[in-house]
Amino acid sequence: MRAFSYERATGPQQAAAAIARTRGARFIAGGTNLLDLMKLEIETPPHLVDINPLGLDRIEATAQGGLRIGALVRNSDLAADPRVRRDYPVLSRALLAGASGQLRNRATTAGNLLQRTRCPYFYDPQQACNKRLPGSGCAALGGFSRPLAVVGTSEHCIAHHPSDMAVAMRVLDASVETVRADGSTRTLSLPQLHRLPGDTPHLETTLAAGELITAVTLPAPAGGRQVYRKVRDRASYAFALVSVAAILHEDGSGSIALGGVAPKPWRLDAADAALPRGARAVAAALFADARPTRDNAFKLPLAERTIAAVLVDAGAKA
């Protein structure tokens, strides 16, 4: 690990300004992703700003009937919150499907959303990776690609977003609140926050330099039957090959988002509209522009079958 300087933040704007004035500086909270990358010298920030003192660790009701989740709320605390378990069970289930108990005790809400999209070649400095070194190429395109994305990719990157929580947040229409170095604030939906790789896969979000997520907001509960199903190679501590988050109503309407298949949580209006017609129609809408490799083409039928299982599960509960 390379040497770095360190400071403790005293306020959200001060933290944003500290990052903005030092090229390559990073926020640190739980550190569950960043510290691993620093040990491998994939991330080499010259300066870290510790945002744990900012007190952004509360879950509060909003005037609109939803919840405002502080950026530093730990994943385990969010999953256990009675309001989340009652009104947003898909989120609680997704959180508990992620990582391990030890990591969930440290990982934060904002950090989970901002963890790097990655693949085995991203972790290997001897391999070409446009995310790690723009313009160097993508070794995954001609290499081992079984766990990687099948849709939303480009000729420059086929890494997938690893978060479980983000998939549930996407189906719940969550938004993020941010503050910038000049004190200005804004609100972004998750589709506005996460970028597809295109020809700049090293840019994963639309956040400006130093822009700090301060909270994630959930709208009023959508009701319906909420299901999260994750398919993975082992029972715990594994990224999803395919995951499905769904909110389903008795009239057949609802919303559905997938993880493990794209560089960001994958949800399309056409797929939501296709829910009354069944899993095949939903999968056809979600994967209309899919570009799987030989290694990961199995994800397409796997996703359709997982969607079907979710629809059956919701129907059985109804």
Side-chain angles (χ1 to χ4, degrees), residues 90-91 93-94 97-98 113 117 119 140-141 145-174 189-198 201 204 222 224-233 239-249 251-315:
V90 66
L91 177 56
R93 292 165 186 160
L113 290 176
T117 56
C119 79
L141 287 171
S145 57
R146 180 178 179 271
L148 305 185
V150 297
V151 68
T153 59
S154 74
E155 64 272 22
H156 300 284
C157 184
I158 58 172
H160 71 293
H161 198 282
S163 174
D164 292 284
M165 185 197 79
V167 183
M169 290 288 195
R170 179 68 183 92
V171 86
L172 290 167
D173 290 319
S189 66
L190 287 198
Q192 292 172 322
L193 173 67
H194 292 125
R195 297 168 55 117
L196 293 177
E204 297 174 0
R225 301 291 181 178
Q226 299 185 18
V227 181
Y228 187 77
R229 182 178 287 257
K230 180 177 182 178
V231 181
R232 47 188 162 177
D233 283 327
F239 293 148
L241 293 170
V242 170
S243 64
V244 178
I247 301 173
L248 302 163
H249 302 286
D251 63 0
S253 66
S255 55
I256 189 164
L258 267 60
V261 299
K264 65 179 184 178
W266 197 245
R267 180 182 171 190
L268 298 174
D269 290 342
D272 289 354
L275 277 168
R277 303 200 304 275
R280 182 169 297 179
V282 173
L286 287 168
F287 298 119
D289 298 320
R291 296 192 296 179
T293 67
R294 181 181 62 183
D295 289 345
N296 65 17
F298 75 95
K299 286 194 175 190
L300 301 181
L302 178 62
E304 181 178 330
R305 293 167 188 165
T306 307
I307 294 166
V310 164
L311 296 180
V312 169
D313 189 19

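Between V90 and V227, the closest side-chain pair of non-hydrogen atoms is not below 4.5 Å. In this structure, the side chains of M169 and L91 come closer than 4.5 Å at one or more pairs of heavy atoms. In this structure the side chain of L113 reaches within 4.5 angstrom of the side chain of L190, judged on heavy atoms. Counting only heavy atoms from C-beta outward, the side chains of F298 and L241 approach each other to under 4.5 Å. Taking 4.5 Å as the limit, some side-chain heavy atom of L302 sits within range of a side-chain heavy atom of T306. Inter-residue side-chain proximity for P263 and E204 is flagged as unmet; no heavy-atom pair is nearer than 4.5 Å. Within the 4.5 Å cutoff, side-chain heavy atoms of H156 are placed close to those of P201. Using a 4.5 Å heavy-atom threshold, the side chains of R146 and D233 count as touching.
Between R232 and D164 there is no salt bridge, since none of the side-chain N atoms of the basic residue sits less than 4.0 Å from a carboxylate O of the acidic one.
For the side chain to side chain contact (heavy atoms under 4.5 Å, CB included) criterion with W266, the lone passing option out of V261, V150, V167 is V261. Applying the side chain to side chain contact (heavy atoms under 4.5 Å, CB included) test between T117 and each of H194, H161, K264 identifies H161 as the sole match.
Looking only at atom types and distance, the side chain of T293 has no donor-acceptor partner in the side chain of D295 under 3.5 Å away.
Shortest non-hydrogen contact noted between V310 and A246 is CG1-CB, 3.7 Å. The minimum heavy-atom distance linking V282 with A271 is given by the pair CG2-O, 3.8 Å.
Taking CG from L148 and CG from N296, the interatomic distance works out to 6.5 Å, rounded to the nearest 0.5 Å. Atom CG of D289 is separated from atom CG of L268 by 8.5 Å, given to the nearest 0.5 angstrom. Annotation: the span from S253 atom OG to I247 atom CD1 amounts to 10.5 Å, rounded to 0.5 Å. If you take CD on E155 and CZ on R291, they are separated by 6.0 Å, rounding to the nearest 0.5 Å. Distance check, rounded to the nearest 0.5 Å: CD1 of I307 to CG of L286 gives 5.5 Å.
In D269, the CG atom is not crowded: 12 or fewer heavy atoms of neighbouring residues, nucleotides or ligands sit closer than 6.0 Å.
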